[in-house]
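Here is the structure we will look at.
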Protein chains: 2
Amino acid sequence: MNVYSQQQIISALNLTEAAQQVAQGFVAFSKGKVKVPPVQNFVFPQANGDCCIKSAWVEGEDTFTVKISTGFYDNPSKGLESNDGLMLVLSAQTGQPLALLQDGGWLTCIRTALAGQIAAKALAPSNIQAIGIVGTGMQARMQLEQLTVVTDCRDVIVWGRRQSERDAYRDFAEALGFRVETTLNAQQLALKANLIVTTTPSREPLLKSEWIRPGTHITAVGADTLGKQELDPALVGRADVIVVDSIAQCSQYGEISHALKAGLIDKQQLLELGQVLAGDVSGRTNDQQITIVDLTGVAVQDAQISRCALESCAQA
Amino acid sequence: MNVYSQQQIISALNLTEAAQQVAQGFVAFSKGKVKVPPVQNFVFPQANGDCCIKSAWVEGEDTFTVKISTGFYDNPSKGLESNDGLMLVLSAQTGQPLALLQDGGWLTCIRTALAGQIAAKALAPSNIQAIGIVGTGMQARMQLEQLTVVTDCRDVIVWGRRQSERDAYRDFAEALGFRVETTLNAQQLALKANLIVTTTPSREPLLKSEWIRPGTHITAVGADTLGKQELDPALVGRADVIVVDSIAQCSQYGEISHALKAGLIDKQQLLELGQVLAGDVSGRTNDQQITIVDLTGVAVQDAQISRCALESCAQA
């Protein structure tokens, strides 16, 4: 079995290939071709930590993947990152472990950013005036980076709570070639941007329905567990097209679940990203529609990105 | 993270310490102090394979364990073992992966054999006339090896279907210092041995009730999934003391489940090995009783043996 470090994985991964594989993974998932056993969860109250174990196999593929992700929130006081993680890739032909990817959670970040790219490519309006990024963390950066592949727009407006974080994001985005505006006022962001990505762990809505202009596309990636929320449920209720990575999962948690529980939308309205990508259903049909993609994260993304990473590392 | 090979693990593991830890694990499990998320299972029909992922954390311990076991039954035709496996040990204080134990399934075999040792120590009659081993495979060997720690008896009678396997087992057991008899007749075995271990993947009873003499102890380790069975349900019904590793699991499959379904025993009769080891309930109380221990395998054994293996390897 090969063991690859985070650095080896970051250097080797072919992002174009990875994006294609993640997109194909969404299609396979929506066609019911992905085996995903129930997630295993641990809570470690004595250490303010948790762990989840997700596994997936895409039928027909030669490999399957087991991912272990940890979050220990007192780690920074020990000089350690809060989040850690690794993926194991095994042969679906012989059961042999093929690779241990010690990515420290990076592959999860990048597969989430690639899902944002895929969502924008499929659903954003044809003319993007400005990109709006809600949040200033790692995922806020990776989402912007991955959007450069699908739009020529180089205007970004960034919302963040702290001046220091907004400044740091400005430096990052300028280095990427963007004209950058930062704001503490999310309404300002909604007035300028018509391709918005929300990336925070917020537990209350940051974007109000009345701020959002017709034609806007929103990809929401922050709300990935129970209790998190970035969008006004009324905004979800008002959207013309609502796309999710997994109808089953997004009915439980994420942006959509809040609107469902409030009776503002009907489960029948929900489309899966894999259905849109396969062309089985229509996504955006005109530039006046509001579209929302809610990404809570599905294990098929891990299966696809880890196989890509293994292939890229083996060739490097 | 340290990566240890099967050979390193086999050389380093302190079996005395491991047996103590596995016994403590059973006690913790029966006290409800072990967190065990639902097992993840995959089936790979295209390759005649399967995979299961078991995880456990013993509350208060500094580590937790994720075990991946595979069985690909066409592997021998490719020159590979059917069974493979590995364990990952992570910190329950920081989430960091501490060790990858590439044991190839050996730790699962040895923790099962140690459970047999623990069961015999707790429940076998005081005077062991002969040890009876049903089966001639790897587990049949490891069980005998581990029993040498708890009894001075060096007479063994072995049941196996094939002459070549019986002969090979004879060589193995003689090298261990045993006087060996082999047989194709399980009744013969029951007539001689009063400490019996059954280790086969049989799907029909191999030991009939009427063959078993008063005072006999039987440890059954073969029936670890649905459909497997080594003991006559009437024998389970006749036993004076029935001990299981997990009441919840043994009610689903294993020897006990067949007798439960047939109405020959009541769930109230079942004792857990951890309860017996803790002294919370009585096991055998005289040398005329028939005792049965049904071991289907629980993830706490993996958590305990992997922590021991990590400690032993780190000191080696």
Side-chain angles (χ1 to χ4, degrees), chain A residues 1-3 5 35-57 59-86 88-97 100 102 104-105 299, chain B residues 1-3 5 35-57 59-86 88-97 100 102 104-105 299:
Chain A
M1 176 165 59
N2 292 302
V3 180
S5 68
K35 300 294 182 199
V36 186
V39 175
Q40 295 185 338
N41 285 296
F42 285 99
V43 176
F44 302 99
Q46 90 294 353
N48 191 20
D50 54 50
C51 174
C52 86
I53 300 151
K54 292 181 176 176
S55 309
W57 175 51
E59 283 177 28
E61 291 293 349
D62 280 347
T63 66
F64 66 105
T65 296
V66 180
K67 176 172 88 167
I68 304 177
S69 310
T70 56
F72 280 70
Y73 307 101
D74 298 339
N75 272 3
S77 70
K78 303 169 187 167
L80 299 170
E81 299 280 336
S82 292
N83 292 291
D84 202 343
L86 56 82
L88 270 156
V89 185
L90 298 101
S91 166
Q93 298 301 336
T94 66
Q96 291 180 297
L100 171 64
Q102 286 204 274
Chain B
M1 178 166 55
N2 292 302
V3 180
S5 69
K35 300 293 183 199
V36 185
V39 175
Q40 296 185 338
N41 284 296
F42 285 99
V43 176
F44 302 98
Q46 90 294 352
N48 192 20
D50 54 49
C51 174
C52 86
I53 300 150
K54 291 181 175 174
S55 309
W57 176 50
E59 283 178 28
E61 291 293 350
D62 281 346
T63 65
F64 66 105
T65 296
V66 180
K67 175 172 89 167
I68 305 177
S69 310
T70 56
F72 280 70
Y73 307 101
D74 298 340
N75 273 3
S77 68
K78 303 169 186 166
L80 299 170
E81 298 281 335
S82 291
N83 293 290
D84 203 344
L86 56 82
L88 270 156
V89 185
L90 297 101
S91 166
Q93 298 300 336
T94 65
Q96 291 180 298
L100 170 63
Q102 286 204 274

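Predicted model only: the values in this text are computed from it and were never measured. Labels below follow one simple rule: chain letters A, B, ... track the order of the sequence lines, proteins then strands, and each chain is numbered from 1.
When each of Lys35(A), Gln46(A), Lys78(A) is scored by its heavy-atom pairs under 4.5 Å with chain B, the top score falls to Gln46(A). For the set Val43(B), Thr70(B), Asn83(B), the count of heavy-atom pairs under 4.5 angstrom toward chain A peaks at Thr70(B). Residue with the most contacts toward chain B among Ala56(A), Gly49(A), Gly104(A), Pro45(A): Ala56(A) (heavy-atom pairs, distance under 4.5 Å). Heavy-atom pairs under 4.5 Å with chain B peak, among Asp84(A), Leu90(A), Asn75(A), at Asn75(A). No other option in Ala47(B), Cys51(B), Ala92(B), Gly85(B) has as many heavy-atom pairs under 4.5 Å with chain A as Ala92(B). Ranked by heavy-atom pairs under 4.5 Å with chain A, the first of Gly95(B), Ser91(B), Gly60(B) is Gly95(B).
For a residue to count as touching a neighbouring chain, one of its non-hydrogen atoms must lie under 4.5 Å from one of that chain's; by this rule Gln102(B) touches chain A with the side chain only. Interface remark: Ser82(A) contributes no atoms to any contact with chain B (heavy atom separation under 4.5 Å). Ile53(A) touches chain B through backbone and side chain together, each having a heavy atom under 4.5 Å away.
Interatomic distance, CG of Leu88(A) versus CG of Leu86(B), reported as 5.5 Å (0.5 Å rounding). Residue Asp62(B) holds its CG atom at 9.5 Å from OG1 of Thr94(B), rounded to the nearest 0.5 Å.
Pairing each heavy atom of Phe72(A) with each of Asp50(A), the nearest pair is CE1-O, 3.6 Å. The shortest non-hydrogen separation linking Ser55(B) to Pro37(B) is O-CD, 3.4 Å.
For the pair Gln40(B) (side chain) and Pro38(A) (backbone), a donor-acceptor distance under 3.5 Å is present.
Residues Leu100(B) and Met1(A) meet the side-chain proximity criterion, which asks for heavy atoms closer than 4.5 Å.
The aromatic rings of Phe44(A) and Phe64(B) are tilted relative to each other, their planes meeting at an angle between 30° and 60°.
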